[in-house]
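Indexing begins at 1, ligand by ligand and atom by atom, following the structure's order.
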Amino acid sequence: MSNITKQYFEQLDKQDSLAPLRQEFSLPESILYFNGNSLGAMPRGMTQRLQDFAEQEWGQQIVRGWVTQGWYQMPQRVGAKIASLIGAAADEVIVSDTTSVNIYKLAIAALDLKPERRKIITTSDIFPTDIYVLQGVSNTLPDRAELKMVESDQIIDAIDEQTALLVLSPVNYKTGELFDMAAVTAEAQKRGAMMLWDLSHSCGAHQVDLSGIGADFAVGCGYKFLNGGPGAPAYLYVAKRWQSEIQQPLTGWKGHANPFAMSPDYEPAEGITRMLCGTHPVIAMTCLEQAVDLFTTVDMAQVEIKSRQMGDLFIALAEQQCKEYGVTLLSPKESAKRGSQVSFQHAEGYAIVQALIAKNVICDFRAPDVVRFGITPLYQKYQDVWDAVAILTEILATESWQQQPSSPTSAVT
Ligand SMILES: *Cc1c(COP(=O)(O)O)cnc(C)c1O
């Protein structure tokens with residue numbers, strides 16, 4: 001790739017049909033933001049939206065806002081918007097709680113649907129909250145559930161006639177490696193297990209077609225590629241065919257068929273609404289809706305193409321410039337096998353990330369030695385890749401990372 005010059009990157013930005021979207025985000029000009037896979041950037045319209053919410057909605061309408069401002073239907077309404085990004089029908093997705101809580105709800109629901117089976121399988125390298133929640137399920141219900149963790153390449157072999165549920169993330173959060181969602185779903189179902197996909201690193205990042213692959217369940221978070229803000233609410237998906245059968249354990253009043261009947265008897269609501277528990281955070285959901293609305297005009301195929309191309313270029317440049325400094329590629333080189341991130345390994349990974357952040361390249365470190373660059377085509381420029389690799393190369397060549405701490409000094413990395 002000797003043709004990759006700075007001019008080439010400028011040219012790509014000029015031709016990029018997604019480029020105008022960058023103006024819809026409020027990003028400090030001084031930084032190169034490669035951490036949208038951890039916390040998405042803030043949509044520019046958010047300041048005004050929050051002010052309007054405070055002054056006109058909450059401030060004026062108070063309790064009437066549930067009806068007059070459409071607060072009550074937000075979980076369904078925002079869920080329907082997210083559904084269009086993951087190939088689901090509008091009434092198959094609802095916004096509620098956190099990803100962790102939604103995994104709990106769906107894991108118990110899966111065990112109920114498969115009463116003769118008790119095994120839950122996941123990978124030992126899945127995002128840890130998935131493991132912790134599933135451990136919680138099996139600790140609370142030792143007679144009904146047993147968690148088994150396997151390596152990614154042993155998933156298919158591990159699904160047996162005892163398996164009730166398989167929980168996977170399509171994208172490995174450290175390496176960026178992608179599962180073949182269609183093939184794994186088909187195999188799990190063929191062996192009689194339910195399949196739960198955690199789309200936290202997928203929705204808004206690459207194409208997902210839940211209907212096309214015949215998925216059962218899915219969950220995902222609102223604050224990474226969806227840009228819903230710190231701690232934004234999460235969503236969950238239940239395929240239509242399971243919705244009338246499914247029972248979830250957190251039977252709060254907002255999942256009741258008629259919450260305001262105030263009946264002492266629980267009766268689940270029709271459809272996806274029964275997956276709700278308590279009252280949703282309207283302010284946080286207002287932010288999420290504002291952010292998700294930016295996707296209305298976006299073609300996810302286009303987003304995926306740009307993401308892959310940016311990743312390919314990042315890898316090509318880093319291989320040319322950084323290899324001699326002990327940086328090795330951890331992500332798959334082939335873009336079809338990679339999510340919207342590029343990860344490298346280096347023994348001094350933590351110090352290198354701190355040195356990058358000190359130079360305004362915002363990326364992150366994942367233990368023990370992973371330097372991670374998230375790619376967010378909605379608001380990143382191709383030139384960001386050129387500039388980031390140039391700064392990374394300088395840090396490595398001058399060893400300026402030596403001035404940084406070699407291991408984490410704060411609670412958040
Ligand atoms: C970010 C992430 C989560 C986060 O879960 P929360 O309950 O929102 O904190 C869960 N799973 C995966 C795969 C993630 O990447």
Would you say the ring centroid of Phe127 lies under 6.0 angstrom from that of Tyr173?
yes
Identify whether the distance between the nearest side-chain nitrogen and carboxylate oxygen of Lys174 and Asp125 falls below 4.0 Å.
no
Describe, in one word, how the ring planes of Phe314 and Phe34 are oriented to each other, choosing from parallel (under 30°), tilted (30 to 60°) and perpendicular (over 60°).
perpendicular
Would you mind listing which atoms of ligand 1 come within a distance below 4.0 Å of any non-hydrogen atom of Thr98?
7 (O)
Report the relative orientation of the aromatic rings in Trp58 and Phe53; use parallel for angles under 30°, tilted for 30 to 60°, perpendicular for over 60°.
tilted
Below 3.5 Å, N or O to N or O, backbone or side chain included: is there any such pair between Ser169 and ligand 1?
no
Between Asp130 and ligand 1, which part of the residue brings a heavy atom under 4.0 Å of the ligand: side chain, backbone, both or neither?
side chain
Presence of salt bridge, Arg77 and Glu289, under 4.0 angstrom:
yes
Does Tyr223 approach ligand 1 within less than 4.0 angstrom via side chain, backbone, both or neither, non-hydrogen atoms only?
side chain
Identify the closest protein heavy atom to atom 14 (C) of ligand 1: which residue and atom is it, and at what distance?
Lys224 NZ, 2.8 Å
Between Asp216 and Gln189: side-chain donor-acceptor atoms closer than 3.5 Å
yes
Which residue and heavy atom of the protein sit nearest atom 11 (N) of ligand 1, plus the separation
Asp198 OD2, 2.6 Å
Below the 3.5 angstrom mark, is there an N/O of Ser100, backbone or side chain, next to an N/O of ligand 1?
yes
One residue to check: Ser200. Relative to ligand 1, which of side chain, backbone, both or neither has a non-hydrogen atom less than 4.0 Å away?
side chain
Assess Lys381 against Tyr33: is NZ or CZ under 6.0 Å from the centre of the six-membered ring, and within 45 degrees of the ring's axis?
no
The atoms of ligand 1 lying under 4.0 Å from a heavy atom of Thr129, numbered in the order shown, are 5 (O), 10 (C)
His201 heavy atoms, cut-off 4.0 Å: which ligand 1 atoms fall inside?
15 (O)
Nearest neighbour in protein (non-hydrogen) for atom 5 (O) of ligand 1
Thr99 CB, 3.5 Å
Asp97, Val78, Leu199, Leu288 screened by side chain to side chain contact (heavy atoms under 4.5 Å, CB included) with Tyr235, the one that passes
Leu199
